[in-house]
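Just below is one structure, and these are the notes that go with it.
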Amino acid sequence: MNDHEKVAIVTGGARGIGREIVIRLLEMGMTVVAVDLQADLLARLPQDLGAPEGKLDCRKLDVTDSEAFTALVGDVVEKYGHLDVLVNNAGITRDGLLMRMTDENWELVLKVNLTSAFIGTRAAAKFMVQQRGGSIINMSSYSGLEGNRGQANYSTSKAGLLGLTKTTAKELASKSVRCNAVAPGFIQTEMTEVLPQQAKDMAMAQIPLQRFGKPRDIANAVAFLASEDSSYITGQVLSVDGGMHT
Ligand code: NAD
């Protein structure tokens with residue numbers, strides 16, 4: 001299928017990296033369903049992005065709600081006739097040192113970052129397998145590859161996504177459904193804006209390319225993995241981190 005005919009779902013699409021992915025896929029001519037918890041941001045999105053009529057479909061959804069997320073995937077297939085790309089991008093942090101981390105913050109981060117991707121993947125796979133094609137992209141992190149002080153919950157969720165990615169790739173490859181992960185380094189968004197200056201300085205010192213990433217850097221990698229240009233690539237982790245992870 002030509003990229004401009006594709007239908008994509010992007011979770012966490014209302015701001016930050018997800019918003020830029022929505023913009024990038026729209027630029028490729030795709031029909032994009034932007035999913036997010038934040039109804040106010042979603043409501044402004046079509047006008048802010050100047051999306052062509054009928055190309056951007058905004059849906060308020062909590063991706064941890066298994067029933068609602070599964071129903072949304074089914075609804076998208078019913079409305080558009082197919083689903084070609086799923087980007088599991090929604091994510092949160094609840095940082096804290098391991099010895100002080102609460103059960104609640106452990107479970108919440110695992111649920112939002114990892115379990116939601118399983119729910120979305122399971123729902124999308126059902127249709128993608130039938131239509132003999134699709135690309136699922138999971139938003140992992142440098143923290144998932146390397147671990148990170150203060151992020152036991154987050155690193156574990158992002159490492160878990162790599163297992164989900166590789167297993168999904170192996171299970172669905174015979175039906176031409178691909179699954180890959182992107183592992184961003186330090187990207188300038190509202191998620192990282194709140195970090196103390198000391199943490200930002202320490203991060204910068206580790207980046208060989210000596211700049212923080214922009215949401216566009218990640219959106220470009222996602223666009224590639226969503227496109228036919230990557231049709232022979234599955235089960236891979238693409239680091240987009242200025243050279244931190246080699
Ligand atoms: P962000 O906080 O700016 O955006 C995340 C979006 O996800 C928000 O719009 C939020 O409302 C949405 N969201 C959160 N929980 C949700 C839920 N339960 N249901 C639906 N939507 C929900 O974050 P970002 O920096 O754009 O990060 C996007 C992804 O990239 C995340 O998975 C994050 O872990 C990952 N990542 C970010 C960085 C970075 O440096 N910013 C680095 C590595 C990985």
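All residue numbers refer to positions in the sequence shown, counting from 1. All ligand and atom numbering here is 1-based and tracks the order in the structure.
Nearest non-hydrogen protein atom to atom 5 (C) of ligand 1 is G91 O, 3.9 Å. At the shortest separation from atom 21 (N) of ligand 1 among protein heavy atoms lies L37 N, 3.3 Å. Protein heavy atom nearest atom 1 (P) of ligand 1, with residue, atom name and distance: R15 NE, 3.4 Å. Given atom 19 (N) of ligand 1, the protein heavy atom at minimum distance is V63 N, 3.0 Å. Atom 10 (C) of ligand 1 has its closest protein heavy atom at D36 OD1, 3.5 Å. In terms of protein heavy atoms, atom 30 (O) of ligand 1 is closest to M139 CG, 3.3 Å.
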Practice problem: Please test L45 against L42 for side-chain contact (heavy atoms from CB on, under 4.5 Å), starting from the C-alpha separation and ending with a verdict. | Solution: CA-CA 5 Å; L45 212 53; L42 278 180; 4.3 Å; yes
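Atoms of ligand 1 lying under 4.0 Å from at least one heavy atom of T192, given by number and element, are 39 (C), 40 (O), 41 (N). Numbered from 1 in the order shown, with element, the atoms of ligand 1 that lie under 4.0 Å from a heavy atom of G12 read 6 (C), 7 (O), 12 (C). Remark: ligand 1 atoms within the under-4.0 Å shell around heavy atoms of F186 are 40 (O). Listed by atom number, the atoms of ligand 1 under 4.0 Å from L61 heavy atoms are 19 (N), 20 (C). Distances below 4.0 Å separate heavy atoms of N89 from the following atoms of ligand 1: 28 (C), 29 (C), 30 (O), 31 (C), 32 (O). Ligand 1 places these atoms under 4.0 Å from at least one heavy atom of D62: 17 (C), 18 (N), 19 (N). Within ligand 1, counting atoms from 1 as listed, the ones closer than 4.0 Å to a heavy atom of Q38 are 8 (C), 9 (O), 10 (C), 11 (O).
Which of G185, A90, S141 comes nearest to atom 38 (C) of ligand 1 through a heavy atom is settled by distance: it is G185. Heavy-atom proximity to atom 14 (C) of ligand 1, evaluated over I92, I21, T93, T189, is greatest for I92. When the options I187, I218, V109 are ranked by their closest heavy atom to atom 39 (C) of ligand 1, first place goes to I187. Considering only non-hydrogen atoms, atom 27 (O) of ligand 1 lies nearest to I17 out of V35, I17, V10.
Sparse packing is recorded around CE of M202, with 12 or fewer heavy atoms of other residues, nucleotides or ligands lying under 6.0 Å away. Atom NZ of K55 has more than 12 heavy atoms from other residues, nucleotides or ligands within 6.0 Å. Shown here is Q197, whose CD atom has more than 12 heavy atoms of other residues, nucleotides or ligands within 6.0 Å.
Rounding to the nearest 0.5 Å places CG of L56 at 14.0 Å from CE of M30.
Of all the heavy atoms of V112, the ones lying under 4.0 Å from any atom of ligand 1 belong exclusively to the side chain.
At a cut-off of 3.5 Å, with distance as the only test, a side-chain donor of R24 or N220 sits close to an acceptor on the other residue. In the model, Q236 has no side-chain atom that pairs as donor or acceptor with a side-chain atom of N180 under 3.5 Å. Residues N138 and T165 bring a donor and an acceptor atom of their side chains to less than 3.5 Å of each other.
No donor-acceptor distance shorter than 3.5 angstrom exists from the side chain of S141 to the backbone of A183, with no hydrogens or angles considered.
Under a 4.0 angstrom heavy-atom cut-off, K158 registers as being in contact with ligand 1. At least one heavy atom of Y154 sits closer than 4.0 Å to an atom of ligand 1. Proximity of S140 to ligand 1 is established by a heavy-atom distance of less than 4.0 Å.
The side-chain hydrogen bond (donor to acceptor under 3.5 Å, both in side chains) pairs that include a residue from residues 104-119 are N113-S157, where partners are two or more places apart or lie in different chains.
Annotation: side chain of H245 is in contact with side chain of E146 (closest heavy-atom distance under 4.5 Å).
Linking Ile, Leu, Val, Met, Phe, Trp and Tyr whenever their side-chain heavy atoms come within less than 4.5 Å puts V35 and I119 in one cluster.
With respect to E20, the side-chain hydrogen bond (donor to acceptor under 3.5 Å, both in side chains) criterion is satisfied by exactly one of K214, R216, R15: R216.
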